[in-house]
Amino acid sequence: MQRNTSRRKKKKIRHRTTNQKLSNWSFGKVYAFLSYKLEAEGIKLSKHDESNTTQPCPCCAKKRKVSSRIYNCTCGYTNHRDIHGASNFFAKTFYGEIQELDFLLNYNVSTDCLRAGSSRWSVPTQFI
């Protein structure tokens, strides 16, 4: 009996180091290309610090590590962890500190994980 003569295609398995090398982007080059292209259009590109935006609660400022898809705080604040981090980053960038936002993002988390391009998002038109 011969081995490895199966006609069906087998899934190629990459090793961990190969995956790490493939996902290693050169962000300096991406930033340089974007700033060059946007400068030609008259748009300024700026970098913002995203550190400490996923742990603190915007209501009571307690720090808590998220271990599930939903961020729950002891003060009663609950939100999806991606929305929580994005809203904290938005507040830190535009208001200078992490605080509760004046508007809400409408989304549905109960059916599926949030994905980019989903029609479940609605953002106030004043921020678009």
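Note that the numbering runs from 1 along the sequence shown for the chain.
A distance of 7.5 Å separates CG of Asn88 from CG of Leu101, quoted to the nearest 0.5 Å.
In this view, Glu39 satisfies the side chain to side chain contact (heavy atoms under 4.5 Å, CB included) rule with no residue, not counting sequence neighbours. Remark: Phe94 engages Phe90 in a ring-ring contact (aromatic ring centres under 6.0 Å, His included) (not counting sequence neighbours). Partners of Tyr77 according to the side chain to side chain contact (heavy atoms under 4.5 Å, CB included) rule, which considers only residues two or more places apart in sequence or in another chain, are Cys57, Pro58, Cys59, Tyr71, Cys73, Cys75, Asn79, His84, Ser87. Not counting sequence neighbours, the partners of Leu38 by the side chain to side chain contact (heavy atoms under 4.5 Å, CB included) test are Ile43, Leu45. Qualifying side chain to side chain donor-acceptor pair (under 3.5 Å) partners for Ser68, counting only residues two or more places apart in sequence or in other chains: none. With sequence neighbours excluded, no residue satisfies side chain to side chain donor-acceptor pair (under 3.5 Å) with Asn52. Residues forming a side chain to side chain contact (heavy atoms under 4.5 Å, CB included) with Lys62 (at least two apart in sequence, or on another chain): Cys60, Thr74.
Listed here is the closest heavy atom pair of Ala32 and Ser35: O-OG, 2.9 Å.
A heavy-atom distance below 4.5 Å is found between the side chains of Asp82 and Arg69. The closest side-chain heavy-atom distance from Thr54 to Phe89 is not below 4.5 Å. With contacts defined as side-chain heavy-atom distances shorter than 4.5 Å, the pair Gln55/Arg64 does not qualify.
Applying the salt bridge (charged side-chain N to carboxylate O under 4.0 Å, His left out) test to residues at least two apart or on different chains, the pairs with a partner in residues 83-92 are Asp49-Lys92.
Side chain of Arg81 to backbone of Val66: no donor-acceptor contact under 3.5 angstrom is found.
By the 6.0 Å contact criterion, OH on Tyr31 is enclosed, its count of non-hydrogen atoms from other residues, nucleotides or ligands being greater than 12.
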